[in-house]
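Presented below is the structure to which this report refers.
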Amino acid sequence: MTLLFKALLGALVVVLIALLSKTRNYYIADLLPLFPTFALLAHYIFGSERGSEALRMTILFGIWAVIPYLVYLISLYGFVGAMRLPLALSSAVVCWGLAAWLLIVVWRR
């Protein structure tokens, strides 16, 4: 049942993004993926199953996890002016992947 709830919640966010992208204030659609929908679920699970110390560690990692997203946005901003959209998006995702990999490597040390 919780898996179905998570899937419906994700679908709702996608529908809201699609609807907002068609409005005059289309840029607000980029704010929705940053709403902590899945973070709320993850934090509840960590807090109830693993305790407050694991939750605090997860929150701290989440603070640092903003860096790969920032790398994605900055690289996409540059790529969009120089490449076709599918290639720009793919390249920005690769940049995100590299930044996320680096974050995980550094975090483990």
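Just so we're clear, the structure is a prediction, and the values are computed from it rather than from any experiment.
In this structure the side chain of Leu89 reaches within 4.5 angstrom of the side chain of Tyr72, judged on heavy atoms. In this structure, the side chains of Ile74 and Tyr69 stay at 4.5 Å or more apart for every pair of heavy atoms. Contact of the Trp107 side chain with the Met57 side chain is registered, since non-hydrogen atoms from C-beta on lie closer than 4.5 Å. For the pair Val71/Trp96, no side-chain contact is recorded, criterion being any heavy-atom separation below 4.5 Å from C-beta on.
Here the straight-line distance linking atom CE of Met83 with atom CG of Leu76 works out to 10.0 Å at 0.5 Å rounding. Thr58 OG1 to Arg50 CZ: the interatomic distance, rounded to the nearest 0.5 Å, is 7.5 Å. Considering CG of Leu3 and CG of Leu8, their distance stands at 10.0 Å, rounded to 0.5 Å. Between the CZ atom in Arg108 and the CG atom in Leu103 there is a gap of 10.5 Å [rounded to 0.5 Å]. Atom CD of Glu49 sits about 9.0 Å away from atom OH of Tyr44, to the nearest 0.5 Å. Here CG of Leu41 is found 6.0 Å from CG of Leu9. Values are rounded to the nearest 0.5 Å.
Cluster annotation: Leu73 is connected to Leu85 through the hydrophobic network of ILVMFWY side chains, with a link wherever side-chain heavy atoms come within less than 4.5 Å. The hydrophobic clustering, which links ILVMFWY residues whose side-chain heavy atoms are closer than 4.5 Å, places Ile59 and Val66 apart. Grouping the Ile, Leu, Val, Met, Phe, Trp and Tyr side chains by contacts below 4.5 angstrom, directly or via other members, places Leu32 with Leu12. In the hydrophobic cluster analysis, where Ile, Leu, Val, Met, Phe, Trp and Tyr join through side-chain heavy atoms closer than 4.5 angstrom, Val80 is grouped apart from Leu87. When the side chains of ILVMFWY residues are joined at heavy-atom separations under 4.5 Å, either directly or via intervening members, Val13 and Leu40 end up in two distinct hydrophobic clusters.
A side-chain donor-acceptor contact under 3.5 Å links Thr23 to the backbone of Leu20.
When all heavy atoms of Ser21 and Ala29 are compared, the pair lying nearest together is N-CB, 4.0 Å.
Annotation: Phe46, atom CZ; neighbour count of heavy atoms from other residues, nucleotides and ligands within 6.0 Å does not exceed 12.
Looking at residues two or more places apart in sequence or on another chain, you find a side-chain hydrogen bond (donor to acceptor under 3.5 Å, both in side chains) between Tyr27 and Asn25.
Cluster partners of Leu98, using a side-chain heavy-atom cutoff of under 4.5 Å among ILVMFWY residues and allowing indirect links, are Val94. Val106 forms part of a hydrophobic cluster together with Trp101, Leu102, Val105, judged by ILVMFWY side-chain heavy-atom separations under 4.5 Å.
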